[in-house]
Structure formats: structure tokens, C-alpha cells
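What follows is a set of notes on a single structure, which appears directly below.
Throughout, protein chains are lettered first and strands after them, A, B, ... in sequence-line order, and every chain is numbered starting at 1. Here the structure is a predicted model, which is why all the values come from computation and not from measurement.
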Amino acid sequence: MIGAGNIAHEHLPAWLALGVDVVVYSHAGASELVAEFAGSTAGTLEELLGSCDAVDIVTPTPSHADLALRALEAARPVVCEKPLARTSTEAKRVIEASEQAGLPLYPGHVVRFFADYAAMHDAVAAGTIGEVAVQRFSRTGSAPSAGWFHDDAQSGGVLLDQSLHDLDFARWNAGEVATAYAQESAADGVRSVQVLLSHVAGAISFVHGTWARPGTTFRTTFDVAGPGGVLQHDSAQHPAVDTDRGDEPVAEKGRGLLPAMPDESPFRTELGEFLTGLRGGPAPRVSARDGLAAICIAEAAQRSLVTGRAEPVETVEVLE
Amino acid sequence: MKVGLMSFAHSHAASYARVLSRLSGVEVVAADPDHDRRPGETGGPALAADLGVDYVGDYPTLLARNPDAVIVCSENADHRRLVELAADAGVHVLCEKPIATTLTDADAMTAVCAAAGVQLMIAHPVRFAPAFATLRETVLSGSLGEVVSLVGTNNGRIPRGERAWFVDPIAAGGGALTDHLVHVLDLLDAVWPQARVRSVYAIANRLLHPESEVETAGLAALHLDLASTTSGGGPADRRLPVVIDASWSRPASYPTWGGLTLRVIGTGGISVCDPFAARVGGQLESMQNAAWIPYGPDLDALLLREFLAVAAGERPAAPDGVSGTRGLAVVLAAYESLRVGQPAAPRA
């Protein structure tokens, strides 16, 4: 595992629960991380690559592509936190390298593995609401504290970081996206982006991402409608556990960048499916091409923020 | 006070009749001479009898009864004709939304009412919901800090089942965008009366009820210019991004008509207003469906209470015809956006 930040704290216990031995390499925090959970550390990237069977990249966005290329050069399959790369150009380079090397490359679009979202997608895919006509997704969390998130050159902003999950999901439900239109506003560290998508098949989607006031409860909602009905969810409703401690904060409400996860960690579900794929089993529900497609939608939305116009989404040829 | 009901074409007419019938000191007289335009639907003297309101056969007769005010509930494209009749008779008007289907008609309506010295109010009940008043106060007090994002949803069942003209492109003027954008726009107007929508980008389809001639799902992204707004809560020099989901995306079996929500994101926090959320839930064998027993204030009653105060001369109409015309301009810009596939500017 490369990186020892926020998401590393979710990935490491998930890998350990799956019975995987983990070696961590990071500029900072690796010793503390393995001290908190388990595992060992590597002093250099070379040492790490020489001592593992597969690499999990959980670093800040701008280093994803270079590290993935290094791992693939060392003939290591790659699991990479989303976005697969900072730009679609970089993502294509990584995909090309993985295909040439014949090595798996899995992007960590973990929302596809959240039980609520997966249940909704399964119902949509089973045709319970018919063809998707109109869908809304919202994702709101406390603005991230790490500085790199707030430098668009590094993170791609709310669009590429947070809303990427929902852009991916909108496409997973309703197919390829033809155009994206986006508008954004920010003040005092609070930042919100609204994206309207036109899908090739005719559906329309609205994706709303917000980095909110610090301390804001993490909350996601969706509303997916077709001729056969509507599927709705609000993470603030139907909690499996609900604790009230008066003035004391309650951990399971979800804070910061992550929601409450009372059941199996969706990261464990995700990494378990990736592990099966790495071991030659069925391909996971999300592919590197899906990761690239999500970046292409986000980039069209980013262009729209600049031009003020609806922008075409670059077509990603889907390979078998 | 005597109130005339002009046309039963809009399904709200029955609700207004029921509310008014319960008020002491209010006399109701209705006319629905064009009910034969709606074969197979309720209307005319039979509906008046069901509602227990006095009925006359045509509008001149109704206006000859000297009502103090009238409520225009005809098809959207027919609003102008009836509003002009009422203004000519010197009667205050509450007109169903949207004000009209063209800006030419809307401008004529506001002009004729102004010239006649009668109030023209547009029927937007949600601005009178106590839940919305709370949200408005929260925003204007500044406790949400600077507002950075706003999302409105107004989703419902396709209204075709109640009245076929709702899905007629001529009589209604359009589909879901025509029907539902204006309700959320009115709430924005109630918070920031000086704010103006500068651009509209809309996408829509007919995947729900594909046999329909009008759009059944529609999303619109707006830039709301708060520059001329001096009250608190909004950015002084920026355009507030707003998205409205106007889709008729609730299925026929949905346990209620639909709903409306407003979500405001500010630097100081987030507030969501859902005035139709209050209900007793559960499951009913008699309905073979989820129970949805709404409770809380009757918003039509709150709307009419305000209109009667306006008609009594206590205060000017709000929302008035000018506000309704601004809303219509945004709707028409949404259709222009659909046509060109890019943002369009509403008429200033």
C-alpha cells in the first residue's frame, strides 16, 4: 500500500480483514498507521515493489498515475483510489500500460460497493423502474482538511474528488454521457458544484457535490425515476443504529469525508472483489475504463465551468 | 365578500371552492362555461352542485353579480382572456400559475390590471407555508452565512389523470418545466424579490409517459443574480447557482401527489425545507399502498386568506403579475435552452 492518509485508514483494516499481508510505504505516517492496525513498512518504493504481489495506491490524486506506472513497470497489478489519475490523458497512459502488461488495474469507485447504492443499482439493472428517465444524486461532507484537496491543480476540486463518485454512478445507471453542464460557487471554504448530464440513451441526471462547513454530517441522497417507479435514499434516514448522547458527538453519524458505515465496510466489499479479480476470479463491477469515463465526464464539467456552456463528454471506447 | 370562480379547468378550483365555502362572510359564485372542452371530466353546473357553490352559465353573468374578487382557474393559455374580463369589470384577480403561456399575454395582463387599478395575484401557495417562512427567515437572518448553492425539487405524478389539458402543449404551454419550475422560482422571489435569473440551462425528456406530447422530466440550472439585493444571506457580488428538478417523476401509484423541497447551502450551514413532508405513514390495505396522511396547514387556505386580504385593500398582491411574468420568462428561456442545447437568457 502506497500512502498512509485518510483512505489508508479504511483500506488497511479492510485488507487485513481479507487475510492479506500489507506492507506500507509512505512519505509520512506509515509507522503510525501499521502501529494502529497491523502490517509492516517499507523504507523505499523499490523495497515495497520488491516485496509485494499487488499494489494499492491511496495517495493524493496527483501522484496516482506515476505510482501506477511504476507499479505496472514492476509487473505488479494495481488497485488505485479514485480518481484513477488527475487527468484523462494520464489515466489513458496508465490503462495502456496495464493492458500492454496484461495486469489488472482497478479504480476505487467505492460508492459502487456501498450496500445502499449497490441495492439501488441492482434494482435498476433488474428493470424494476424501467429505463432510467431522470436521476438526482447529492453528496455533502465537511470540507476536507488536507490542503491539497483545495488546490484544484492537484485535486481537481469537488468535481473530480467528491462528485466523481456520483458522475460514475449516474453513468453506471443510465449509460454513457453525451454532455455535461456545471455551475459552481464557493465562499469561506464552503464549495458546491451542480452538474447536469444528458445521457446518450436519453436520460437526464443532476449531480450535486458540496464541501460544507466543518463538522457537517456526511450525507448522501439519490432519487432515480423511470416509467416503473422511483427509487430513493437519504443516508440521514433509516439508520441501523441511532444513538443520542446529548451534547456529546456520536461517531456513527458520519463526519468529514465518510458516511456512517454500520455494517460491513464498503471498502472491505470493494477490496474483496478486487482481490478475487487479482486471483483470477471474475472481473470486479468497476473497470479501469469506467474510471477513465468518470474522469472524462468530470473534465467536461470542468470545461463547462470555464466556458459557461454545455460541453461534450469525450467518448471512451469500452473494451472487453 | 363575494368571490367569483372563473372556470373549473384547473383542478385547484375545487379546492378553492371548498376553502371559500368554509369561510364565514364569503359568498362564492362560479362559472365554467367551457366545460364541454373537457369531455369526460368533472365541471360545469354538476361540479358546482357537488361543491355546494352558486353557479351561473357565463362570465358576463358572473361579473354582473359584482364580485369583489375572482379566481381564474382556466387552462394556462386562456388566463389572459378571463383576466381581461375581470379587469374590465374592476375586480381583483387571483390567477392560477403560470400566469400565461407567452410574455405577450403576461404583459397584457399586468398592464390591463394596472390600468384598471385592480390587484393581480398569482396562485403560488407554497410561499405561505410556515416551513418556508422559517427557511426564509433563516436565510435572511444570515444564520446560514453566505448562500453558495440552492436546489429546488418539485416532483409529482403526471397531472393528466386530473385534467387532460395539463399535457396539451397549446393549452398548458408545455409540460413539467411549465408546470413546476414556477413554484420554486416563486420561492426564490419570496426570499430575494430583487434578484434576477440571468441564465437558464435546461435538459428534458419524455421517457416517462413517452406517449405524452410534452416533456415529462426536466432539470434546469440557473444563475440567480443577487447583485441588486441588499438584504442579508446572499453573496453581494456573485451569481448564486440554482438547480430545479421539475420532473413529473412520481409514478401513478405514488401515495401522494408529489412534493416540493428547497435545499439551501451556506457557509454557516445547510437548511432543507420540505413543507409537504409532514404525514402519518404506514401501510393501508384499503389503498394497497403506503399510507401518506398529510397533516399541517392547508396551503390553499393560507393562499386564499392572503388573497382576500389583498382584495380587501389591506396590502398589495404578492406574488403579483410582474413576479409571475418574471417566472414565465425563466420557463420560456428553459425551452429556448432545450432548443439550442446551451444556456439561454430570460427576457430582462
message = Set out, in order, the CA-CA distance, both residues' side-chain angles and the distance that settles side-chain contact (heavy atoms from CB on, under 4.5 Å) for Val111(A) and Phe137(A), then state yes or no.
response = CA-CA 12 Å; Val111(A) 174; Phe137(A) 297 91; over 6 Å; no

Heavy-atom proximity to chain B below 4.5 Å, by part of [X]:
X         : value
Arg136(A) : side chain
Ile129(A) : neither
Gln232(A) : side chain
Val132(A) : backbone
Ala212(A) : side chain

At their closest point, which heavy atom of [X] faces which heavy atom of [Y], and how far apart are they?
X         : Y         : value
Pro62(A)  : Arg86(A)  : CA-CB, 4.3 Å
Leu150(B) : Gln194(A) : O-NE2, 3.2 Å
Asn205(B) : Ala203(A) : ND2-CA, 3.7 Å

Atom group of [X] that falls short of 4.5 Å from chain A, counting heavy atoms:
X         : answer
Ile265(B) : side chain
Leu219(B) : both
Ile158(B) : neither
Arg263(B) : side chain
Ala220(B) : backbone
Ser199(B) : side chain

Original post:
For Arg279(B) and Ile293(B), what are the C-alpha separation, side-chain angles and deciding distance, and is it a side-chain contact (heavy atoms from CB on, under 4.5 Å)?
Top reply: CA-CA 5 Å; Arg279(B) 81 272 194 180; Ile293(B) 303 169; 5.6 Å; no

Should His180(B) and Trp248(B) be marked as a side-chain contact (heavy atoms from CB on, under 4.5 Å) after you check the CA-CA gap, both sets of side-chain angles, and the distance that decides it? CA-CA 9 Å; His180(B) 280 171; Trp248(B) 289 330; 3.5 Å; yes

Any carboxylate oxygen within less than 4.0 angstrom of a Lys/Arg side-chain nitrogen, looking at [X] and [Y]?
X         : Y         : answer
Asp223(A) : Arg250(B) : yes
Arg285(A) : Asp290(A) : no
Asp161(A) : Arg191(A) : no

Partner chain A: residue of [options] with the largest heavy-atom pair count (under 4.5 Å):
options                                    : value
Ser253(B), Pro210(B), Gly269(B), Ala204(B) : Ala204(B)
Ala221(B), Ser247(B), Ala202(B), Ala217(B) : Ala221(B)
Asn155(B), Leu222(B), Ile270(B)            : Leu222(B)
Gly218(B), Ser149(B), Ser337(B), Pro241(B) : Pro241(B)

task: Verify, without hydrogens or angle tests, whether Thr128(A) (side chain) and Ala123(A) (backbone) share a donor-acceptor contact under 3.5 angstrom.
output: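 Answer holds: yes.
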
* When Glu184(A), Arg219(A), His208(A), Glu131(A) are compared by non-hydrogen pairs under 4.5 Å with chain B, the top option ->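 Of Glu184(A), Arg219(A), His208(A), Glu131(A), His208(A) has the most heavy-atom pairs under 4.5 Å with chain B.
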
- Query: Between Gly130(A), Ala182(A), Gly228(A), Ser205(A), which has the largest tally of heavy atom pairs under 4.5 Å with chain B?
  - Reply: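 Ranked by contacts with chain B, first place is Ser205(A).
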
Take a 6.0 Å sphere around CZ of Arg213(A) and say whether it holds more than 12 heavy atoms from other residues, nucleotides or ligands.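 For Arg213(A), atom CZ is not crowded (no more than 12 foreign heavy atoms under 6.0 Å).
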
